[in-house]
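Note sheet for the following structure.
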Amino acid sequence: MIFRNNHPSTHTDNGKRMKYLVVKAHKNEFPNPINFKKGALLTIGEKYEGSEDWADWYFCTTPGQEGGWVPEQLFERLDGATGLAVEDYTAFELDVDAGEMLTGVKTLNGWVWCRHLSGNGEGWLPLENLQSIKE
């Protein structure tokens, strides 16, 4: 598992994980996402500047992998371009179709780490592709 259930930034609604309905399909366009363990050294590059409301994502690299986007909360800057990972992370994005139901585990900077209710798969999805479901 990538995230700890007791992490302070885990997205919950009154102590429960959020349930979501996928309102817009999403396909993973990055077959080799960056992933690292807590304590990994990162080279921190450009800040994401797209039109979406995805604040504080940085393009990072770590030895032996392709680069990828990392939320600022997941690293501590050591100097201008070097950082230290403060928790385990993968940039894996989940493939979903409209109408699927998911559980949201963690929300960061416009994205949600989700799990299929069936337990078959987990990964990041843009929050704008999801609608929260009240139980």
**OP:** Considering only Ile, Leu, Val, Met, Phe, Trp and Tyr, and joining two whenever side-chain heavy atoms are under 4.5 Å apart, list the other residues clustered with Leu41.
**Re:** Leu78, Leu84

Euclidean distance, [Y] [atom2] relative to [X] [atom1], rounded to 0.5 Å:
X: Trp124; Y: Trp69; atom1: CH2; atom2: CH2; result: 15.0 Å
X: Arg17; Y: Cys114; atom1: CZ; atom2: SG; result: 11.0 Å
X: Thr103; Y: Lys19; atom1: OG1; atom2: NZ; result: 4.0 Å
X: Glu100; Y: Leu130; atom1: CD; atom2: CG; result: 10.5 Å
X: Ile44; Y: Thr82; atom1: CD1; atom2: OG1; result: 7.0 Å
X: Asn129; Y: Gln131; atom1: CG; atom2: CD; result: 12.0 Å

Report the residues that fulfil side-chain hydrogen bond (donor to acceptor under 3.5 Å, both in side chains) with [X], sequence neighbours left out, ordered by chain and then residue number.
X: Asn35; answer: none
X: Glu76; answer: none
X: Glu72; answer: none
X: Glu52; answer: Tyr48

Subject >> Check: Leu21 and Met101 side chains under 4.5 Å, non-hydrogen atoms >> reply: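 In contact.
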
Original post:
Can you find a heavy atom in the side chain of His116 that is under 4.5 Å from one in the side chain of Leu102?
Top reply: yes

Original post:
So, for Val112 and Gly104, which heavy atoms are closest and what is the spacing to 0.1 Å?
Top reply: CG1-CA, 3.8 Å

**OP:** Determine the minimum heavy-atom distance between Gln73 and Val86, stating which atoms define it.
**Re:** O-CG2, 3.4 Å

Original post:
Who are the salt bridge (charged side-chain N to carboxylate O under 4.0 Å, His left out) partners of Asp79, not counting sequence neighbours?
Top reply: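 Partners of Asp79 by the salt bridge (charged side-chain N to carboxylate O under 4.0 Å, His left out) criterion come out as none, since no residue qualifies.
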
Original post:
Trp113 side chain to Leu108 main-chain N or O, any donor-acceptor pair under 3.5 Å?
Top reply: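 Not a single qualifying donor-acceptor pair exists.
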
Please table the atom pairs, donor to acceptor, closer than 3.5 Å between any side-chain atom in residues 91-99 and protein atoms at least two apart or in another chain.
unit_1: Glu93; atom_1: OE1; unit_2: His26; atom_2: NE2; d: 2.7
unit_1: Asp95; atom_1: OD1; unit_2: Asn28; atom_2: N; d: 2.5
unit_1: Asp97; atom_1: OD1; unit_2: Lys27; atom_2: NZ; d: 3.1

**OP:** Return each pair, listed once, that meets side-chain hydrogen bond (donor to acceptor under 3.5 Å, both in side chains) where at least one residue sits in residues 54-63; pairs must be two or more places apart or across chains.
**Re:** Lys47-Asp56

Subject >> Set of residues satisfying side chain to side chain contact (heavy atoms under 4.5 Å, CB included) with respect to Ser51, sequence neighbours excluded >> reply: none

